[in-house]
Amino acid sequence: MVGGLRREHAGSTQALTGWVHRRRDLGGLLFVDLRDGSGLVQVSFGPDWTDAEALETAHRLGAEEVIRISGEVILRPEEARNPDLATGDIEVQARSLERLNRATTPAIPVYRGPEDELPAEELRLRHRHLDLRRTPLQENMALRHRLILATRNYFDDLGFLEVETPVLTKPTPEGARDYLVPSRVHPGEFYALPQSPQIYKQILMTAGFDRYMQIARCFRDEDLRADRQPEFTQIDVEAAFVGADDVLEWIEGLMETLARVAGVEAEPPFQRMSWAQAMDRYGSDRPDLRWALKLDDWTEVLRTADSNILRGAVAEGGRIRGIRLDGGASLSRRQVEAIEEEAKAAGAPGLLWAKRTADGGSGPLSRWLEEGHWGALEAREGDLLLVAAGPDRVTSPALAATRRAAIQALELPRVTDHAWLWVLDFPLFEEEDGVMFPNHHPFVLPHPDDADRLAEDPLSVRGVAYDLVYNGSELGSGSLRIHDPELQRGVLELLGMGPDEIDGKFGFLLEALASGAPPHGGIALGMDRIVKDFLGAASLRDVIAFPKTTAARALFEGAPSPVLQKELADLHLEVRRRSGRGAEEPQGNEPT
RNA sequence: GGGGCUGUAGCUCAGUUGGUUAGAGUGCCGGUCUGUCACACCGGAGGUCGCGGGUUCGAGUCCCGUCAGCCCCGCCA
C-alpha cells in the first residue's frame, strides 16, 4: 500500500498504516519513513500541516512502532526528491497521527544502512519476527507464494487434482532416517512423518486418480546443509498411463511458467543426457552446464606414458581422464595445488598435472610426457592438464571437484546463466560393501532394454528415472514406477528382503498393485530449492519463513524441548539420559 | 560421528608480544536544529570478553573442556 504511492496520487488524502522504519528529526520539521509489506514512503510532520498533538507524538516515535497517519500526498519540492526511492517523488504530509502500538528497541535492526552487515544468523533466527520484516525476506516469501500459486494453477489447467496424503504414516526402512511419532493408544508403536508421499501417490494411481499433484511437506532426520532442511516442501506429481516424455514435458512447461514468474530464463525443451554421459563428461550426475568445460578420456594416449601410477591404474581396469585448461599454465603452483586439494577432498589420492611451457613442460606429470603425448592431448603452449587415473568410482567425483575448482580459479566465462538439464537412465541399484541399495527408491521401473539382466547382472540395469538439474543444483527427481506386483516383489528380493519382510513392509503396496494398477510415473521437485535457486539466495533459510539451524533446532520458539514426565508416560516412553554428563536437567517435572 | 571458521556494548566489528582504566561505528537516552532521506551537531548511559576449568605475579589474548551459530565430509535425493 504505502510502497505503491506515486506522483499521480499527489493531491489525494491517504490514511496509511505501517511501521516506523526510520526517523529524521530536524527539530521544527521531521520525517518518518513509513514501512509496510509493500515498501517505504516518506511522511513529513511540520507545524504548518500537522496537528500540534500529533507533532508532539511524532517527535517521540521510536523505531518499529506501529502507527496510522492520515494526510495529503504532495509532490516533493524539486530539490528534495529522492531518485533512489520508488516513492521518492512524493511524500505524505501527515495531518494526524495515531500510535497503534509501541515497540521495544529492536534486538536486531530492521533498518539496514548501505554498508551495514546483516546480524549473526543465530540472532536473525532467534528474532525471526524482526528479520522477516526486512524487505528482501518479504520479497522472498512473496515470490515463494507466487510460485506455489502458479504451480497449482498450472496443474489445475492440465486436469491434475491436488490430493492430501497423511503426515502420520508408516515408517519406511529404506532411505533417510524417519522422524517418529509415538502412539499413545498403541504402546510401543510409532508413526513416521513422511520422507515423501511416494507410496501414497502410487496408491492414488491404482485408485484411479490418474493425474495427481500436491504441495507436500516432507521430513528427513538427517544432518543438514545450506541446501538441506529437516522439513521441506515438494511439488509432488504422479500420473497414470504416461511415459517418461509426458512427465518431462509437463515439468518443462511448469519450469517455463515458474521461471517467467521469477524472471529467470527457461526455454524448453531442456538438454537431455544419460547418467552415464554425465558421469563420463562431467564426473557428476548433476553437472553445472553454465560452463562448457568437459572431461576427456586420455586412457589410450597416456597408457604408453612411462608412469607407474598411470600404468597401474589402467592395468587394474581403470581409466585415465582429465581436463585440459586453455591458458591454465598461468595459474601458480600454489593455485594448482589448491585445485588438487579439492580433488583429494573428493576422494582422489592425488591429481597429476602438467603445464605446457615454451621450453617443454612443468609439473609432476610432465616428466612422463613425450612430444607425441602433448600433441595427442592437443595441449598447446600455456595449457594446463589435470589428470586423474583409476576406477571411475573414484575419479569421477574427484574430476567433478577439479572442474569446479578450475572454473573458479580461472574465472572461466559462463556460456549461459541458466543451464537446464535432464539426466536420464540412472542405474537402478548401487552396491556398497557387497550390499545392494536402490539408487533412488525400490519402486523405479527397470529400463525395458535392461530388464532381462535383472537376475544375472542387476548393477548394470538402468531405471526409467530422470533428474531435473538447474545450474548444477538438483531440483527434482522422478521415474516411471513398477506397476507389476511380481516384478516389484522380485526387485525387493534383489535388495535382500525375504517374503515375510516384503509383506510386512510393502504388503499394502503390493496388494494395491495386484488390484489392477495402471502404468504410472511421476516426479517430485524441491520447492524450497527452486525458490532459492531462482532468487540466487545463499541459503534455504532465506526462502523458508521459520527454518531450522544446522543442528535442526528452531531458535525462535525453541524446539525441540523436553516434555513433562506425565506426557512421556502417556506415550509409554522413558528417556534414557546420556551418561557421563554432569548436572543434566531432569527431563521434566510434574506441574505444581 | 569427524574437520574447519566464528563467539568482545542492543547490533556490526577492532583489540599488537600475555601487562595499567577493554575501544570504534551504529543503535539507545537527554539537548539544539524547518527539507532531511545513513540528517547534522553537543552531551550521556551501556561490558558475565559464550560458559567452565587450567597455566601465569598477571588472561579478551595461551592450554584443555564445553555450548551455540555457520560451512564442509560422512549421512541424505
Side-chain angles (χ1 to χ4, degrees), chain A residues 21-33 40-50 55 59-60 62-64 74 76-85 87-88 91 93 104-127 130-131 174-178 195-196 198 218-230 232 234 285-286 342 344-347 397 401 423 426 432 437-441 444 465 467-469 473-479 523-526 529 538-539 541 548-551 553 555 581-583:
Chain A
H21 190 61
R22 207 163 165 79
R23 214 172 43 122
R24 290 175 295 280
D25 192 339
L26 273 56
L29 196 62
L30 96 106
F31 301 94
V32 167
D33 289 337
L40 285 180
V41 72
Q42 174 168 281
V43 179
S44 62
F45 295 82
D48 296 345
W49 59 87
T50 307
L55 193 56
H59 280 297
R60 285 197 299 270
E64 298 307 308
I74 62 147
R76 292 198 198 177
E78 192 78 48
E79 67 283 1
R81 293 181 188 164
N82 184 347
D84 299 330
L85 200 62
T87 58
E91 71 185 25
Q93 288 190 325
T104 52
T105 300
I108 57 171
V110 176
Y111 165 81
R112 210 174 144 219
E115 284 165 27
D116 291 350
E117 296 292 326
L118 279 173
E121 187 92 33
E122 184 179 356
L123 296 170
R124 293 178 54 200
L125 293 173
R126 200 174 295 284
H127 309 286
L130 294 174
D131 199 37
E174 95 291 345
R177 262 189 293 272
D178 287 319
Q195 297 179 23
S196 80
Q198 180 61 36
C218 307
F219 307 85
R220 290 179 189 157
D221 187 4
E222 295 292 346
D223 291 343
L224 308 176
R225 292 284 188 285
D227 61 351
R228 241 193 269 163
Q229 281 273 312
F232 57 100
Q234 283 188 346
D285 60 3
R286 49 180 177 92
E342 295 293 326
K344 283 180 177 173
V423 178
F426 280 68
E432 202 173 308
F437 288 95
N439 190 311
H440 184 47
H441 55 55
V444 175
D467 272 14
L468 177 63
V469 177
S473 168
E474 185 208 307
L475 290 189
S477 189
S479 69
I523 193 167
L525 304 160
R529 282 190 189 172
S539 165
R541 289 182 299 273
K548 304 284 190 288
T549 68
T550 42
R553 281 193 179 279
L555 296 183
R581 295 174 78 197

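The chains referred to below are lettered A, B, ... by the order of the sequence lines, with proteins before strands, and numbering in each begins at 1. The model shown is predicted, which means the values in this text are computed figures rather than measured ones.
In this structure, Arg126(A) atom CZ and rG69(B) atom C1' are separated by 9 Å, rounded to whole Å. Between Glu121(A) atom CD and rA68(B) atom P there is a gap of 16 Å when expressed in whole angstrom units. Atom NE2 in His440(A) sits roughly 14 Å away from atom P in rC76(B) (whole-Å rounding). Whole-Å rounding puts the Asp221(A) CG to rG74(B) P distance at 18 Å. The distance from atom CD of Glu222(A) to atom C1' of rG2(B) is 16 Å, rounded to the nearest whole Å. The CD atom of Glu117(A) sits 16 Å away from the P atom of rU6(B) (whole-angstrom rounding).
Residue-level contact check: Leu123(A) touches the backbone only, with heavy atoms under 4.0 Å from sugar-phosphate atoms and none from bases. Looking at heavy-atom distances under 4.0 Å, Asp227(A) makes no contact with the nucleic acid at all. Among the protein residues, Ala524(A) comes within range of no part of the nucleic acid, since none of its heavy atoms lies under 4.0 Å from any strand.
Searching all strands for a Watson-Crick or G-U wobble partner of rC76(B) with both distances below 3.5 Å returns nothing. Figure legend. rC70(B) is base-paired to rG4(B); pairs are counted as Watson-Crick or G-U wobble with both atom distances under 3.5 Å. Across all strands shown, rC41(B) forms a Watson-Crick or G-U wobble pair with rG31(B), both key distances being under 3.5 Å. Figure legend. rA14(B) is base-paired to no nucleotide; pairs are counted as Watson-Crick or G-U wobble with both atom distances under 3.5 Å. Summarising the base pairing, rG46(B) is matched to no nucleotide, lacking a Watson-Crick or G-U wobble pair whose two defining distances lie under 3.5 Å.
Of the charged side-chain nitrogens involved, none lies within less than 4.0 Å of a carboxylate oxygen, so that Glu222(A) and Arg228(A) do not count as a salt-bridged pair.
Within the structure, every side-chain polar atom (N or O) of Arg529(A) is placed at least 4.0 Å from both OP1 and OP2 of rC76(B). Residue Arg225(A) places at least one side-chain N or O under 4.0 Å from the OP1 or OP2 atom of rC73(B).
Checking rC11(B), rC70(B), rA77(B) against every side-chain atom of Thr549(A), the shortest atom distance belongs to rC70(B). You'll find that the side chain of Pro119(A) is closest to rU12(B), out of rC28(B), rC71(B), rU12(B). Checking rU12(B), rA77(B), rC70(B) against the side-chain heavy atoms of Ala120(A) singles out rU12(B) as nearest.
Positionally, the nearest nucleotide of RNA chain B for Arg541(A) lies more toward the 5' end than for the other of Arg541(A) and Asp223(A).
On the C1' atoms, rU21(B) is 16 Å away from rG58(B), given to the nearest whole Å. For the C1' atom pair drawn from rG25(B) and rC62(B), the interatomic distance equals 30 Å after rounding to whole Å.
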Name each donor-acceptor pair under 3.5 Å that joins a side chain in residues 106-119 of chain A to protein atoms two or more places apart or in another chain, with its distance.
unit_1	atom_1	unit_2	atom_2	d
Arg112(A)	NE	Asp116(A)	O	3.1
Arg112(A)	NH2	Asp116(A)	O	3.2
Asp116(A)	OD2	Gly113(A)	N	2.8

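Here the side chains of Asp285(A) and Glu474(A) are not in contact, with every heavy-atom distance at 4.5 Å or above.
Closest non-hydrogen pair, Ser479(A) versus Val444(A), comes out as OG-CG2, 3.6 Å. The heavy-atom pair separating Gly476(A) from Leu525(A) by the smallest distance is CA-CD2, 3.7 Å.
With hydrogens and angles ignored, no donor-acceptor pair under 3.5 angstrom links the side chain of Arg220(A) to the base of rC76(B). Donor-acceptor pairing under 3.5 Å, judged by distance alone, is present between the side chain of Asn439(A) and the base of rA77(B).
Residue pairs meeting the side chain to side chain donor-acceptor pair (under 3.5 Å) criterion with at least one partner in residues 22-31 of chain A, sequence neighbours excluded, are Arg24(A)-Asp33(A), Arg24(A)-Gln42(A), Asp25(A)-His59(A).
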| said: Walk along nucleotides 30-39 of chain B from 5' to 3' and tag each nucleotide B, S or - by protein heavy-atom contact under 4.0 Å, base first, then sugar-phosphate. | reply: ---BBBBBBB
